[in-house]
Amino acid sequence: MNIAIFSRRHYEQESLQQAFTNSPYQLHFFDVHLNTSHAALAKGCDIVCAFVNDILDAHTLSLLAAGGTRLIALRCAGYNNVDLPTAHQLGIKVVRVPAYSPYAVAEHACALLLSLNRHIHKAYNRVRDSNFSIEGLVGFDLHNKIVGVIGTGEIGSVFCQIMAGFGCHVLAFDPHPNPHCRELGVDYVSLEHLLTHADIISLHCPLTPATKHLINADTLALCKASAVLINTSRGGLIDTQAVISALKRGQLAALGIDVYEEEATVFFEDQSNTVVTDDILMRLTTFPNVLITGHQAFLTHEALHNIAQTTRSNIDTYVANKPLVNEVF
Ligand code: NAD
């Protein structure tokens with residue numbers, strides 16, 4: 001059985017090859033993203049293995065179906081990049097890796113927050129330039145601050161635990177409160193209450209039609225001007241133009257993002273020798289109080305190992321015609 005693996009990167013090659021050792025499958029690795037232009041590469045592959053920025057829209061899915069694909073095995077948790085109704089119409093099943101290391105992403109959110117608050121990104125450059133001045137590097141104690149966590153599933157609940165460890169008071173908004181968070185002392189409140197009171201806001205909910213641009217001009221107007229906003233979830237949760245306006249007016253103190261709504265054409269590639277034409281992203285990089293990483297929150301050895309193992313198990317389960325526990329509908 002043939003498996004087409006798209007968006008292959010060197011950092012995951014080892015874990016994938018380990019997971020598929022002694023398997024009956026033929027793996028075909030492609031470095032390119034899966035989209036309409038590259039779907040033909042999967043011709044004859046029963047299974048297609050895709051990642052976050054592969055575009056599985058209706059057209060791509062119909063090309064895959066015509067080429068014989070019956071299973072999409074996502075190597076990620078989010079599935080907003082897949083047109084699920086079309087996949088089901090075409091008889092293609094979709095499975096994902098629902099959790100591989102919530103610690104990896106929650107710890108990265110914390111790293112963004114600490115770096116921004118204590119100006120580590122600036123200090124690193126100053127010291128390398130023998131500039132040991134600490135002017136302009138004043139931060140604030142996290143202890144006793146109010147942290148607002150939007151989405152308290154696997155990742156959000158770990159983030160709540162980390163913030164509770166710093167001595168923060170954690171507020172959360174989630175339509176499905178998590179009993180584990182309640183045990184930690186997290187207070188579930190309305191979105192408005194959270195936005196109005198939080199010193200730090202961290203997004204951990206999925207991107208859905210209901211959450212698209214959850215952070216927009218109206219919701220930003222509720223936030224404290226001293227608030228720090230962190231997004232390691234999906235770029236589309238934030239209306240980037242509205243955030244830029246808020247930053248320019250001093251209505252938001254700092255922004256840390258690992259995801260960006262138009263990241264698909266930019267992230268995961270070395271663009272250092274090209275002219276990046278995304279003016280919104282480039283504007284963001286000019287702010288001293290904005291820290292951007294290129295969708296690397298998941299990138300730990302543990303997470304890569306778990307992603308590869310669950311992907312193998314998802315595929316084995318499908319081939320054995322057993323119930324797909326990680327199927328998405
Ligand atoms: P999860 O499904 O365990 O938790 C998501 C939580 O969000 C659930 O508790 C759900 O009830 C809640 N939610 C749904 N709609 C909401 C809304 N409108 N407002 C508030 N909360 C809402 O998911 P997870 O494993 O914690 O992952 C969260 C997100 O993190 C994923 O959807 C994915 O987009 C993102 N992610 C990013 C990376 C990265 O590398 N940057 C890696 C993995 C996951």
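We number each residue from 1, following the sequence as shown. In listed order, ligands and their atoms are each counted from 1. What you are looking at is a predicted structure, and each value in this text was computed from that prediction instead of being measured. Reckoned from all heavy atoms, side chains included, excluding hydrogens, waters and symmetry mates.
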- Note the single closest protein heavy atom to atom 18 (N) of ligand 1, along with its residue, its atom name and the distance in Å. Thr211 CG2, 3.2 Å
- Task: Report the part of Tyr100 in contact with ligand 1, treating N, CA, C, O as backbone and CB onward as side chain, heavy atoms under 4.0 Å; options are side chain, backbone, both, neither.
- Result: side chain
- Item | CG-NE2 distance between Asp174 and His204, expressed to the nearest 0.5 angstrom | 11.5 Å
- Message: Could you tell me if Arg283 sits above the aromatic ring of Phe287, with its cationic atom closer than 6.0 Å to the ring centre and no more than 45 degrees from the axis?
- Response: yes
- Going hydrophobic residue to hydrophobic residue with side-chain gaps under 4.5 angstrom, can you get from Ile3 over to Leu34? no
- Note on the structure: Closest to atom 33 (C) of ligand 1 among protein heavy atoms sits Arg234 NH1, 3.6 Å
- To the nearest 0.1 Å, how far is atom 3 (O) of ligand 1 from its closest protein heavy atom, and which atom is that? Glu154 N, 2.9 Å
- At a 4.0 Å threshold, what atoms of ligand 1 neighbour a non-hydrogen atom of Val105? 38 (C), 42 (C), 43 (C)
- Query: With a cut-off of 4.0 Å, which atoms of ligand 1 are near a heavy atom of Gly151?
  - Reply: 7 (O), 20 (C), 21 (N)
- Message: Between ligand 1 and Leu207, can you find any atom pair, the residue atom being a heavy atom, that is separated by under 4.0 Å?
- Response: no
- Message: Within the 3.5 Å criterion, strictly below it, is a donor on Thr240 or Glu261 matched to an acceptor on the partner's side chain?
- Response: yes
- How long is the span from the CG atom in Asn131 to the NZ atom in Lys122, to the nearest 0.5 Å? 12.0 Å
- Taking the non-hydrogen atoms of Gly78, is any one of them nearer than 4.0 angstrom to ligand 1? no
- Run the numbers for me: atoms of ligand 1, each under 4.0 Å from some heavy atom of Ala297, listed by number. 39 (C), 40 (O), 41 (N)
- So, for atom 30 (O) of ligand 1, does the protein have a heavy atom nearer than 4.0 Å? yes
- Query: Among Cys181, Ala99, Pro206, Ser101, which one has a heavy atom closest to atom 32 (O) of ligand 1?
  - Reply: Pro206
- Query: How are the rings of Tyr25 and Phe20 set relative to one another: parallel (under 30°), tilted (30 to 60°) or perpendicular (over 60°)?
  - Reply: perpendicular
- Query: Can you tell me which residue and heavy atom of the protein come closest to atom 16 (C) of ligand 1, and the distance to 0.1 Å?
  - Reply: Pro175 CD, 3.7 Å
- atom 35 (C) of ligand 1 sits nearest the protein heavy atom Ser233 O, 3.5 Å
- Could any protein non-hydrogen atom be found less than 4.0 Å from atom 27 (O) of ligand 1? yes
- Query: If you count the atoms of ligand 1 from 1 in the order shown, which ones are under 4.0 Å from a heavy atom of Phe298?
  - Reply: 40 (O)
- To the nearest 0.5 Å, what is the distance between CZ (Arg96) and CD1 (Ile72)? 15.5 Å
- For ligand 1, is any non-hydrogen atom under 4.0 Å from His295's backbone (N, CA, C, O), its side chain (CB onward), both, or neither? side chain
- Give a yes or no on whether the ring-centroid distance for Phe298 and Phe51 is below 6.0 angstrom. yes
- Message: Side chains of Thr36 and Thr60: any donor to acceptor distance under 3.5 Å?
- Response: yes
- Among all protein heavy atoms, pick the one closest to atom 8 (C) of ligand 1 and tell me residue, atom and distance. Asp174 OD2, 3.4 Å
- Of all the non-hydrogen atoms in the protein, which one sits nearest to atom 19 (N) of ligand 1, and at what distance? Phe173 CE2, 3.4 Å
- Item | Per-residue contact class, Asp258 against ligand 1 - non-hydrogen pairs under 4.0 Å | side chain
- Message: Under 4.0 Å from a heavy atom of Cys205: which atoms of ligand 1 are those, numbered in the order shown and with their elements?
- Response: 7 (O), 13 (N), 16 (C), 20 (C), 21 (N), 22 (C)
- Any side-chain donor near an acceptor of the partner, Asn314 and Thr311, under 3.5 Å: no
- Message: Less than 6.0 angstrom separating the ring centers of Phe30 and His38, yes or no?
- Response: no
- Note on the structure: of all protein heavy atoms, closest to atom 41 (N) of ligand 1 is Thr232 O, 2.9 Å
- Roughly how far apart are Asp46 CG and Leu64 CG, rounded to 0.5 Å? 12.0 Å
- Message: Under 4.5 Å between side-chain heavy atoms, counting indirect links through other Ile/Leu/Val/Met/Phe/Trp/Tyr residues: same cluster for Ile238 and Leu222 or not?
- Response: yes
- Compute the ring centroids of His193 and His197, then answer whether they are less than 6.0 Å apart. yes
- Message: Can you check which of Cys76, Gly153, Pro177 brings a heavy atom nearest to atom 4 (O) of ligand 1?
- Response: Gly153
- Could you list the atoms of ligand 1 found under 4.0 angstrom from a heavy atom of Ile150? 20 (C)
